[in-house]
4 protein chains.
Amino acid sequence: MGDGSGRRDEIIAIATRLIASRGYSSTTVRDIADEAGILSGSLYHHFSSKEAVLQEILRAFMGDTLAHFERIVASEGSYREHLDQLIEHAFLTIEQRPDEVRIYQNETGFMMTQPGFEFLADGAARIEELWLEQITAGQADGAFRDSVDPRLAFRFIRDAVWSTVFWYRPGGSHTAASVSENYLELLHAGLLAD
Amino acid sequence: MGDGSGRRDEIIAIATRLIASRGYSSTTVRDIADEAGILSGSLYHHFSSKEAVLQEILRAFMGDTLAHFERIVASEGSYREHLDQLIEHAFLTIEQRPDEVRIYQNETGFMMTQPGFEFLADGAARIEELWLEQITAGQADGAFRDSVDPRLAFRFIRDAVWSTVFWYRPGGSHTAASVSENYLELLHAGLLAD
Amino acid sequence: MGDGSGRRDEIIAIATRLIASRGYSSTTVRDIADEAGILSGSLYHHFSSKEAVLQEILRAFMGDTLAHFERIVASEGSYREHLDQLIEHAFLTIEQRPDEVRIYQNETGFMMTQPGFEFLADGAARIEELWLEQITAGQADGAFRDSVDPRLAFRFIRDAVWSTVFWYRPGGSHTAASVSENYLELLHAGLLAD
Amino acid sequence: MGDGSGRRDEIIAIATRLIASRGYSSTTVRDIADEAGILSGSLYHHFSSKEAVLQEILRAFMGDTLAHFERIVASEGSYREHLDQLIEHAFLTIEQRPDEVRIYQNETGFMMTQPGFEFLADGAARIEELWLEQITAGQADGAFRDSVDPRLAFRFIRDAVWSTVFWYRPGGSHTAASVSENYLELLHAGLLAD
DNA sequence: GATGAATGAGCCTTCATTCAT
DNA sequence: TATGAATGAAGGCTCATTCAT
């Protein structure tokens, strides 16, 4: 990752920015080529199709995210610490690679079922499995409230956290860290006063 | 609402279903016309443009949602009760009008800035304001934990709740009511065991 | 001519105004119907087609013009007086029925060859014939310079005069009468000083 | 002028012929593409829109005409000689580039006010100015009859001369030169015998 | 006379993709 | 690697016209 043929990486970077802001189907091959300073037909020397570009973007994102998640749950620490780290890593990703997160959030739903994008469903399944293990184990050892369906808890957290990419803007009234902190507090203890 | 000219309403219903499942830009005027049993050009007897169809769908949805929300906060009850009712109404809407919710979730981001869709930004702003009033008032009277930024709390809830439309399917292992119940518990008391 | 069924005449009047200002092919049946306060389909109770409307406008215009021209050349007076009267009548028509003149000038070229519009070519031929008689006769009796091809003289005058409809606007620096006067002087004696 | 990219020039030539004979709005992009032996969509590789084609045709015509006119009035010679040369150049243009003249005559009225076609009004204004200078100067030095409004004289000549494009056909009973000669005589000395 | 709904043909334009050079 | 030209399919939309009510 990173040793790519220069031009290819440039194009991926441009495509990522464009697709994140306009959506995949509204971003044309010409848009991408224009910003790369070449003709649209010339893109096909680097990628076999428009879909292949998206695939590459999503595959890299999914791979990295999964790898990080696996590393976290494999590390030392309590289930609660793991959960917090998973969440914190999500916020870190949103801060560092917002375009990829936006693309993932926007396009994954429609693409997941397309041929060639099976890795999306597979990855998502593995991620859910991995979170579920932490939550159920944490419920079993008394760390987490066990009246809540683990699957629902996972989706609750996942959706709340990753959705922040659509409105969080660095330089606003919150830093990524302060959003993370607030969210963790809500997640830990809820909204009701003690 | 309800007195519609029959054919128009039929077309809106078809368009709603199609746009919800394929996305606005991937749904063609021909798709809609085909399902309505007419030629694509004939759609323009009923609507001035494809965008006008989307506008009508979103406007109705936004209007109804806003009206319900206003009614809830204007009703008797504590801030906490109001918040719970707002959330429960969201889940009810997701159950009863999932296609409209899906469309709203998917298309609002890109459309909000388009001319003719100003009502989206206006409505969203009013909704945020209305939730914020409940949260801040509830913090002031001690019902809600006041260490959390009300705006972040609102977005946290909003994103977690409305996102369920993308994966909740009636007839699965959860009813809308049980999802609602689990989410409320998490929201109230958090994930950590007492 | 003139006793028409009210509604018909209204529609003809509207169509005349519209076609004069936008051109025949850019004026839609809907444009006309809108201004008449009816639906476009309802126009077909009055006219069998869009072309029929144009035909009626042009037929009336051609008929009136031809009738006037015939009356002039049949009246008492010298060839030169006749020629002046023909020209003056053209200016009068431009002042009183500019929309019809504009339509005639714009659409006649393309329409003349269409089936149903043979009256245009026929009328134009009769008009040319009628002018030519005056010019050749005037040349024969010494009133007109005979070094000029009569046919060219006719077209020269016709084109110069009728073209004024495209730029003459009442209320400007010239009245129709003063334009007529200037043109007659140029036509009589030319631009060169004596 | 002349270095054009081959294909582009071919297409412009085809479009010029077609638009001249059918009118701009009745000439379809398909018509043009068919004659060029390509698909209609392929035209957009060369031109950004149908309007852009018309714009290019008219811009070239206006530019050339204006340049010639400027050269004439800047040359040595009396006002009368200049005027005659202006007229003769118009006839030459009609003979050599009749399609462009036809398009200019037919479409300029409606297009002049469209965005992107401002050069038409600008050019027309400059041409009028340039003719007016000759006429008024010629009146001042006694060459031209000064009882005629120069503006009316200009329009009289302009309309009579350029209108010939609609009926002049080479190979008929007149050559362009003989039409030119007759018109000049009429313009110089009028129709009345001395 | 008019409405309301629809037809059918066609229009301009966009876009991913291909391929000879 | 890139260009330049083109394809082929489709897309949103317009418009004259028809016809049952």
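Since the model is a prediction, treat every value here as computed from it, not as a measurement.
With the nearest nucleotide of DNA chain F identified for both B/Tyr24 and C/Ser48, B/Tyr24 has the one nearer the 5' end. Positionally, the nearest nucleotide of DNA chain E for C/Leu43 lies more toward the 5' end than for the other of A/Glu51 and C/Leu43.
Considering OG1 of D/Thr93 and CG of D/Asp64, their distance stands at 9.0 Å, rounded to 0.5 Å. The line from CG of B/Asp9 to CD of B/Glu56 is 8.0 Å long, rounded to the nearest 0.5 Å. For the atom pair A/Phe166 CZ and A/Asn106 CG, the distance stands at 4.0 Å (nearest 0.5 Å). The CD1 atom of C/Ile103 sits 5.0 Å away from the CD1 atom of C/Ile19 when rounded to the nearest 0.5 Å.
In this entry the distance linking NZ of A/Lys50 with P of E/dT18 reads 15 Å, nearest Å. Nucleotide E/dA5 holds its P atom 11 Å from the CG atom of B/Asp9, rounded to whole Å. The distance between atom NE2 of C/His46 and atom C1' of E/dA2, rounded to the nearest whole Å, is 8 Å. Separating the CZ atom of D/Arg8 from the P atom of F/dG4 is a distance of 13 Å, rounded to the nearest angstrom. Between the CD1 atom of C/Ile19 and the P atom of F/dA16 there is a distance of 10 Å, given to the nearest Å. Computed from coordinates, the B/Arg22 CZ to F/dG11 C1' distance equals 14 Å when rounded to whole Å. Rounded to whole angstrom, the span from the CZ atom of B/Phe47 across to the C1' atom of E/dA6 amounts to 15 Å. As a whole-Å value, the separation of A/Asp31 CG from E/dA16 C1' is 12 Å.
Among the nucleotides E/dG4, F/dT17, F/dG4, the one closest to the side chain of C/Tyr44 is F/dT17. Comparing E/dA6, F/dA5, F/dT7 by their nearest atom to the side chain of D/Arg7 picks out F/dA5. Candidate nucleotides E/dT17, E/dA6, E/dC11 were compared by shortest atom distance to the side chain of D/Thr28, and E/dC11 ranks first. Proximity note for B/Arg30 (side chain, C-beta onward) versus F/dT3, F/dG12, E/dA2: the nearest is F/dG12.
Rounded to a whole angstrom, the distance from the P atom of E/dG1 to that of F/dT21 is 22 Å.
Screening residues 14-29 of chain B for salt bridge (charged side-chain N to carboxylate O under 4.0 Å, His left out), with sequence neighbours left out, gives B/Arg17-B/Glu35, B/Arg22-B/Asp31. For residues 107-121 of chain C, no pair satisfies side-chain hydrogen bond (donor to acceptor under 3.5 Å, both in side chains), with sequence neighbours left out.
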key: side-chain contact (heavy atoms from CB on, under 4.5 Å) evaluation trace for B/Leu54 with B/Phe47   = CA-CA 10 Å; B/Leu54 179 59; B/Phe47 300 93; over 6 Å; no

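The only member of B/Arg59, B/Gln55, B/Met112 that meets side chain to side chain contact (heavy atoms under 4.5 Å, CB included) when paired with B/Phe117 is B/Gln55.
Phosphate contact (OP1/OP2 of E/dG1, side-chain N/O of C/Ser42, threshold under 4.0 Å): absent. Listed pair D/His45 / E/dT14 fails the phosphate criterion, with no side-chain N or O lying under 4.0 Å from OP1 or OP2.
Secondary-structure annotation of DNA chain E gives the stems E:2-21 with F:2-21, with a stem taken as at least 3 successive Watson-Crick or G-U pairs whose two distances both fall under 3.5 Å.
Under the rule for a salt bridge (charged side-chain N to carboxylate O under 4.0 Å, His left out), the partners of B/Arg102 that lie at least two apart in sequence or sit in another chain are B/Asp99. The ring pair (Phe, Tyr, Trp, His ring centres under 6.0 Å) search around A/Tyr104 returns A/Phe61, not counting sequence neighbours.
D/Ser25 comes within contact range of no nucleotide atom at all, as no heavy-atom separation falls under 4.0 Å. Within 4.0 Å (heavy atoms only), A/Ser26 reaches no atom of the nucleic acid at all.
Residues of residues 34-41 of chain C having a heavy atom closer than 4.0 Å to DNA chain E, listed by number: C/Ile38, C/Leu39.
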